[in-house]
K.L.:
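Pasting a structure here, questions to come.
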Protein chains: 2
Amino acid sequence: MSSLRSLDENLISHIPPFRKLERVDVREILDAATPKRFSAGQTIFEEHETAERFFLLLDGHVRVIRTTAGGDQVIARHIVSGELMGIAPAIGRTTYPASAVAIDDCLVLFWPTNLWSTFVEKYEGFATETYKTVGERISEANNHILELATQQVEQRVARALMRLAIQSSRTTDEGMEIDFPLTRQNISEMTGTTLYTVSRLLSAWEKQGIVTSGRKKVVVTDMGKLKSLADLDPMANS
Amino acid sequence: MSSLRSLDENLISHIPPFRKLERVDVREILDAATPKRFSAGQTIFEEHETAERFFLLLDGHVRVIRTTAGGDQVIARHIVSGELMGIAPAIGRTTYPASAVAIDDCLVLFWPTNLWSTFVEKYEGFATETYKTVGERISEANNHILELATQQVEQRVARALMRLAIQSSRTTDEGMEIDFPLTRQNISEMTGTTLYTVSRLLSAWEKQGIVTSGRKKVVVTDMGKLKSLADLDPMANS
DNA sequence: CGAATAGGTTGTTCTAGCACAAACTTCGCC
DNA sequence: GGCGAAGTTTGTGCTAGAACAACCTATTCG
């Protein structure tokens, strides 16, 4: 009760889907929300499971994962604070299309799925903003397809690191440090390659001063060079 | 005028987004629509172009294409009759995310984009149905990513053909014939490989009685075998 | 504190499938 | 009815990157 009351309106009032709302509406939405903590490694929801809730990540990082029949894992995306997740109802699904696991300790709010339609009808701008989010995720997915179909492993890994650095890093004196634990294996699951190849690439890049990396840690020290690797056209050898 | 009046309500009344509508509503929607023909090879809309219209394909087949900076093409999906396309407004975009070209002669209806919000508000079930469509396309895209990241070329091509055969084929005495012109090059652009590799695969499969193929033509003669190729787990060699 | 475990590196081998080349077939069209 | 363009086949390299193996280094936890 007291923990519910303690949810501050500023927590969510700046987040896109809620940005255009009146203070009272935000209050209402918060009152309907349940906050929950997940510790690193915990599963927030599972692929194929009935989507009984949708979530807003307030703090921490979440990995969205799909698994093949053969047991291979693919990391579809990373969710950072301020993003909605598990929004199956938005796209007419009753079931989650992927699993979500907490990378570090996370704080989320969640609502029962049946409230989705209420939100969409009642709160001006909520629908448009979330559909914009959906649209962005479609574009991301399509770009990912384009990359997998046309680019070399080196470029794909370069792009993946660039995106992560832009999406979720802190700037240190070394450069842009990706601010959640990230293994070679993780990177390989984002790019459709093997942890060995990623390891070799990182080693090579470290020698060229493009990145610094350690156990579960990657720092981009020269974004310019990384970008030029990502943009390299493999066909342009004329 | 007379061509407009000639649009029959049965044309669209059975199509998911319109299925739940009253006859009058269907009439209204048809009256707002412009019909247009495209001949084989014509571009219906182009990637990055401002999305001024959304379309319903009434007859024919459309290829949805994305092009990389390096000039490579990727076929994102095929649209068959009865499907909406160019629905950028549904996902909060003002611009088309891909190009659409007519594979054979096509008949489409289109509406100005600004009618989208009217449709969503005014017609019960239109929103839910279209968001379901959006959801299906997201799933498709994610499956495609999974495939590209984890499967061998042979499986990807097998799957692509399976899907096409299911989605758009006529049954002849030979088997399921994909009912629009489809080249080796096209298949390679759907699966992220080269036309040479596709050609070799088709030749091999033809010898095994799985497919029959000719110029711009593919017939699946043994869906069961094709499916077992698609499902083959490359890791399962123990 | 020391063993177990998770993560990382690097060498070696091997092959799927790309690249390029060349010839063949089918089709549309003047 | 024959020419050119578009589509297909097949052969011959060749290499990116997967697979496997072995070893190393942090971390964690009893």
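Proteins get letters first, then strands, A, B, ... in listed order; numbering begins at 1 in each.
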K.L.:
Sugar-phosphate means primed atoms, P, OP1 and OP2; the rest is base. With that split, encode nucleotides 25-30 of chain D 5' to 3' as B, S or - using protein heavy atoms under 4.0 Å.
P.N.:
-BS---
K.L.:
Does any non-hydrogen side-chain atom of A/Thr212 lie less than 4.5 Å from one of A/Glu206?
P.N.:
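A side-chain contact under 4.5 Å exists here.
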K.L.:
Quick one about A/Ser168 and A/His61 (side-chain donor to acceptor, distance below 3.5 Å, no hydrogens or angles considered), yes or no?
P.N.:
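Note: A/His61 and A/Ser168 side chains meet the donor-acceptor criterion.
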K.L.:
What's the CH2-C1' distance between A/Trp205 and C/dG8, to the nearest Å?
P.N.:
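To the nearest whole Å, that distance equals 16 Å.
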K.L.:
Set out, in order, the CA-CA distance, both residues' side-chain angles and the distance that settles side-chain contact (heavy atoms from CB on, under 4.5 Å) for B/Leu148 and B/Arg156, then state yes or no.
P.N.:
CA-CA 7 Å; B/Leu148 285 167; B/Arg156 302 204 305 262; 3.6 Å; yes
K.L.:
Roughly how many Å is it from CD in A/Glu206 to P in C/dT9, rounded to a whole number?
P.N.:
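Distance, rounded to whole Å: 8 Å.
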K.L.:
Take atom CD of B/Gln185 and atom P of D/dT8, then tell me their distance rounded to the nearest Å.
P.N.:
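Nearest whole value for this atom pair: 9 Å.
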K.L.:
To the nearest 0.5 angstrom, please state how far the CH2 atom of B/Trp205 sits from the CZ atom of B/Arg200.
P.N.:
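So the gap between those two atoms works out to 14.5 Å.
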K.L.:
Grab the NZ-P distance between B/Lys217 and C/dT25 for me, whole Å please.
P.N.:
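That distance rounds to 17 Å.
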K.L.:
Counting only heavy atoms not in B/Lys227 (residues, nucleotides, ligands), do more than 12 fall under 6.0 Å from its NZ?
P.N.:
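Check fails, neighbour count at 12 or below.
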K.L.:
Do A/Glu83 and A/Arg77 meet the salt-bridge criterion of a basic N to acidic O distance under 4.0 Å?
P.N.:
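Salt bridge flag = yes for A/Glu83 with A/Arg77.
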K.L.:
Quick check on D/dG7: is either OP1 or OP2 less than 4.0 Å from any side-chain nitrogen or oxygen of B/Ser199?
P.N.:
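B/Ser199 to D/dG7 OP1/OP2: no side-chain N or O under 4.0 Å.
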K.L.:
Hey, does B/Leu202 reach any base, or is it just sugar-phosphate, or nothing, if we go heavy atoms under 4.0 Å?
P.N.:
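Answer is nothing: B/Leu202 stays at 4.0 Å or more from every strand.
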K.L.:
Any heavy-atom pair between the side chains of B/Pro97 and A/Ile138 that's under 4.5 Å?
P.N.:
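They are not in contact (no side-chain heavy atoms under 4.5 Å apart), so the answer is no.
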K.L.:
Find the distance B/Leu182:CG to D/dA6:C1' and express it as a whole number of Å.
P.N.:
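Whole-Å distance recorded here is 15 Å.
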K.L.:
Taking atom P of D/dA6 as reference, at what distance in whole Å does atom NZ of B/Lys216 sit?
P.N.:
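Value for this atom pair: 10 Å.
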K.L.:
Name the atoms and distances for all side-chain donor-acceptor pairs under 3.5 Å in residues 44-56 of chain A, with sequence neighbours left out.
P.N.:
{"unit_1": "A/Glu47", "atom_1": "OE2", "unit_2": "A/Arg66", "atom_2": "NE", "d": "3.4"}
{"unit_1": "A/Glu47", "atom_1": "OE2", "unit_2": "A/Arg66", "atom_2": "NH2", "d": "3.3"}
{"unit_1": "A/Glu49", "atom_1": "OE1", "unit_2": "A/Glu46", "atom_2": "N", "d": "3.3"}

K.L.:
Just how large is the angle between the end axes of the helix from C/dC1-D/dG30 to C/dC30-D/dG1, five pairs per end, to 10 degrees?
P.N.:
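Result, rounded to 10 degrees: 40°.
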K.L.:
Can you tell me how far apart CD1 (B/Ile79) and CD (B/Gln167) are? Round to the nearest 0.5 Å.
P.N.:
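The CD atom of B/Gln167 is 8.0 Å from CD1 of B/Ile79, to the nearest 0.5 Å.
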K.L.:
Within the 4.0 Å limit for protein heavy atoms, which parts of nucleotides 11-18 of chain C are touched? Write it as a string from 5' to 3', B for base, S for sugar-phosphate only, - for none.
P.N.:
BB---SSS
K.L.:
Between A/Thr183 and A/Asn186, does any side-chain donor sit less than 3.5 Å from a side-chain acceptor?
P.N.:
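A pair is found: one side chain offers a donor N or O, the other an acceptor, under 3.5 Å apart.
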K.L.:
What's the CG-P distance between A/Leu195 and D/dG17, to the nearest Å?
P.N.:
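So the two atoms are 15 Å apart, to the nearest Å.
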K.L.:
May I ask you to list the residues of residues 99-107 of chain B, by number, that have any heavy atom positioned under 4.0 Å from an atom of DNA chain D?
P.N.:
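When residues 99-107 of chain B is checked for heavy atoms under 4.0 Å from DNA chain D, there are no hits whatsoever.
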K.L.:
Do B/Asp105 and B/Arg37 touch side chain to side chain, with heavy atoms closer than 4.5 Å?
P.N.:
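Answer no - side chains too far apart.
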K.L.:
Please examine the side chains of B/Arg184 and B/Ser213, heavy atoms only from C-beta on, and report whether any two atoms are closer than 4.5 Å.
P.N.:
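With C-beta onward as the side chain, the pair touches.
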K.L.:
Please set out all donor-acceptor pairs under 3.5 angstrom arising from side-chain atoms of residues 157-165 of chain A, sequence neighbours excluded.
P.N.:
{"unit_1": "A/Arg159", "atom_1": "NE", "unit_2": "A/Glu147", "atom_2": "OE2", "d": "3.4"}
{"unit_1": "A/Arg159", "atom_1": "NH1", "unit_2": "A/Gln151", "atom_2": "OE1", "d": "3.4"}
{"unit_1": "A/Arg159", "atom_1": "NH1", "unit_2": "A/Ala230", "atom_2": "O", "d": "2.6"}
{"unit_1": "A/Arg163", "atom_1": "NH2", "unit_2": "A/Glu147", "atom_2": "OE1", "d": "3.1"}
{"unit_1": "A/Arg163", "atom_1": "NH2", "unit_2": "A/Glu147", "atom_2": "OE2", "d": "2.4"}

K.L.:
How long is the span from the CG atom in B/Leu109 to the CG atom in B/Leu58, to the nearest 0.5 Å?
P.N.:
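Answer for the CG-CG pair, B/Leu109 versus B/Leu58, is 4.0 Å.
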